[in-house]
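All chains are named by letter (A, B, ...) in the order of the sequence lines, taking the proteins before the strands, and each is independently numbered beginning at 1. Keep in mind the model is a prediction, meaning the values are calculated, not measured.
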Amino acid sequence: MATSATSNLGLLYPDKESLVRWPTLNTFNSDFIDNLTGNVGLHSYSPVLSNNDGKVLNVGSTGHIEGWWYRIFDMVFTWGRLLFDGTGIDFGASGDFWRITLPVAINGLSAGSSGAVAEGDSLGSSTLFRSPFSTARQTAVSYVRSSNQIALATENGAGNSLVGRDSPWTWEAGERIAWCAAYRGSFS
Amino acid sequence: MGTTVTPNLGLIKPDGLEPIPNWPAQWGSNADALDNVLKVRKATYTPALTAVTTNPTNFTASGYFVRLWPNLVLVWVNIFMESGYTRGSGNYEISLPVALHSAIPIVTSTSGVAFGKAWLFDNSAQENSQTTVVTAIASNRVRLWTESGEANFVDEDTPFLWSQFDRLTFFMQYPTEAAW
């Protein structure tokens with residue numbers, strides 16, 4: 001054999017390969033590893049809030065929704081925060097629950113066959129801030145809602161445990177959400 | 001021509017025109033780049049539990065952290081209030097082993113980013129124990145949000161009156177400012 005390959009990653013090493021071929025083998029190995037790691041810096045992204053019908057919701061003129069993520073091989077660690085504020089806020093319609101997009105599509109985890117709250121895999125935790133902030137906050141779970149979205153479920157929700165326009169309270173301007181999640185992402 | 005580099009890690013790829021004597025240095029550069037990304041670093045540290053007005057005393061704090069690639073750290077912290085614990089006063093803060101990345105905003109009284117989950121254990125009245133969420137008050141310190149407490153953050157009497165034999169533990173993951 002002129003070349004052989006490592007058992008896990010398939011990296012090539014030249015055994016009795018002609019020296020002339022070494023650059024080609026090195027290029028293969030370098031490109032493979034580079035693609036495997038991707039960019040190893042911190043990334044930011046703009047999460048999108050939507051309702052269960054896919055309608056994009058507006059967090060308001062002075063609100064914000066922002067996120068960051070870090071990749072390790074195909075694992076994604078992500079953090080985000082949302083503030084409803086200013087004019088033009090759209091909380092959705094009565095009974096709507098919310099979805100928030102992830103920076104990279106999910107691989108290997110499921111929202112479940114029916115998409116019901118109890119079927120989605122849990123990815124992390126979040127905090128819901130009511131205004132005034134000292135009177136009511138809730139810890140919630142971030143769980144898989146679709147291939148690239150999470151939803152939030154409260155731990156102690158009365159009635160509907162999904163977080164949305166009317167749950168766990170009727171949301172108003174000045175109220176916030178913070179979340180984090182970790183999952184396997186889909187990378188080419 | 002002679003060399004090209006990969007887009008993410010900058011690994012050097014000599015082509016057939018690159019002089020062979022240059023290859024060792026290029027190989028060395030690639031090895032260093034990979035070493036910097038993949039190296040394993042893990043260590044214990046002693047988290048400092050402080051309070052904004054008066055610091056608590058008589059507790060044992062242990063921490064463990066792991067580096068994953070240049071800019072991610074996983075941290076586990078366990079704090080046990082020993083016999084004779086004095087709870088201090090003000091919001092509780094716990095030190096981090098490595099500074100948080102500056103791109104992520106630290107918490108204000110009303111906003112912030114969630115980094116992990118904590119368990120607050122009340123030994124004398126265990127039904128008061130709570131889980132809660134970890135956030136950063138500074139690049140090197142965290143606070144813990146409470147659920148429906150009198151204060152925004154855990155302090156000497158939120159969510160319960162901290163006493164000897166209580167325990168505070170958390171796990172968090174966060175991006176670091178410096179590659180280390």
Side-chain angles (χ1 to χ4, degrees), chain A residues 19-24 26-44 64 66-73 75 77 79-83 124-140 142 155-156 174-182, chain B residues 3-18 20 23 26-27 30 33-34 36-38 68-72 74 101-105 107 109-118 130-135 145-152 158 172-177 179:
Chain A
L19 203 59
V20 176
R21 285 265 301 151
W22 285 24
T24 301
N26 176 67
T27 292
F28 174 87
N29 289 346
S30 297
D31 288 341
F32 183 88
I33 292 170
D34 192 85
N35 184 60
L36 198 62
T37 63
N39 186 315
V40 297
L42 181 67
H43 306 265
S44 60
H64 59 241
E66 51 190 348
W68 302 267
W69 62 285
Y70 195 77
R71 173 186 174 183
I72 295 184
F73 291 123
M75 279 295 296
F77 297 84
W79 307 265
R81 67 173 186 170
L82 178 158
L83 163 68
S125 57
S126 54
T127 294
L128 318 175
F129 296 87
R130 192 166 193 183
S131 181
F133 300 97
S134 61
T135 59
R137 285 173 300 283
Q138 285 204 17
T139 301
S142 314
E155 292 182 337
N156 302 306
E175 297 180 335
R176 304 169 188 252
I177 299 173
W179 71 91
C180 62
Chain B
T3 63
T4 54
V5 296
T6 63
N8 294 307
L9 302 181
L11 301 177
I12 300 169
K13 302 183 291 184
D15 61 20
L17 300 178
E18 180 71 1
I20 291 176
W23 291 7
Q26 292 160 359
W27 185 3
N30 290 351
L34 291 173
N36 183 54
V37 171
L38 300 174
L68 293 179
W69 293 18
N71 294 91
L72 189 81
L74 309 183
H101 199 293
S102 60
I104 297 193
V107 72
S109 63
T110 57
S111 179
V113 174
F115 293 103
K117 202 148 194 178
Q130 285 192 16
T131 59
T132 190
V133 171
V134 182
T135 190
W145 277 313
T146 57
E147 268 193 2
S148 306
E150 293 177 354
N152 284 315
T158 305
M172 66 182 288
Q173 61 214 20
Y174 67 98
T176 62
E177 176 66 22

Check whether any side-chain heavy atom of B/Val113 sits under 4.5 Å from a side-chain heavy atom of A/Trp68, and report yes or no.
yes
Just verifying a value: how many Å separate A/Tyr70 OH and B/Ile104 CD1, rounded to the nearest 0.5 Å?
12.0 Å
Nearest 0.5 Å, what's the CG-NZ distance between A/Asn29 and B/Lys13?
11.5 Å
What part of A/Ser30 gets closer than 4.5 Å to chain B, counting heavy atoms only: side chain, backbone, both or neither?
both
B/Asn71 versus chain A, the contacting section by heavy-atom distance below 4.5 Å:
both
Please state whether the side chain, the backbone, both or neither of A/Arg71 comes within less than 4.5 Å of a heavy atom of chain B.
backbone
Applying a strict 4.5 Å limit to non-hydrogen atoms, the region of B/Trp27 in contact with chain A is neither
With the side chain counted from C-beta on, respond yes when B/Pro105 and A/Arg81 share a heavy-atom pair under 4.5 Å apart, and no when they do not.
yes
Once rounded to the nearest 0.5 Å, what's the spacing between atom CG of B/Leu11 and atom OG1 of A/Thr37?
7.5 Å
Using side chain to side chain contact (heavy atoms under 4.5 Å, CB included) as the criterion, point out the one residue from B/Thr6, B/Val37, B/Leu9 that pairs with A/Ile33.
B/Leu9
Residue, of A/Asn35, A/Ile177, A/Val40, A/Thr24, that accumulates the most heavy atom pairs under 4.5 Å with chain B
A/Val40
Any idea which of A/Leu82, A/Leu83, A/Leu42 has the most non-hydrogen atom pairs under 4.5 angstrom with chain B?
A/Leu42
What orientation do A/Trp79 and B/Phe115 show, parallel under 30°, tilted 30 to 60°, or perpendicular over 60°?
tilted
Given heavy-atom pairs under 4.5 angstrom as the criterion, report whether the side chain, backbone, both or neither of B/Ile12 touches chain A.
backbone
Do you know which of A/Ile72, A/Thr27, A/Asn26 has the most heavy-atom pairs with chain B at a distance under 4.5 angstrom?
A/Ile72
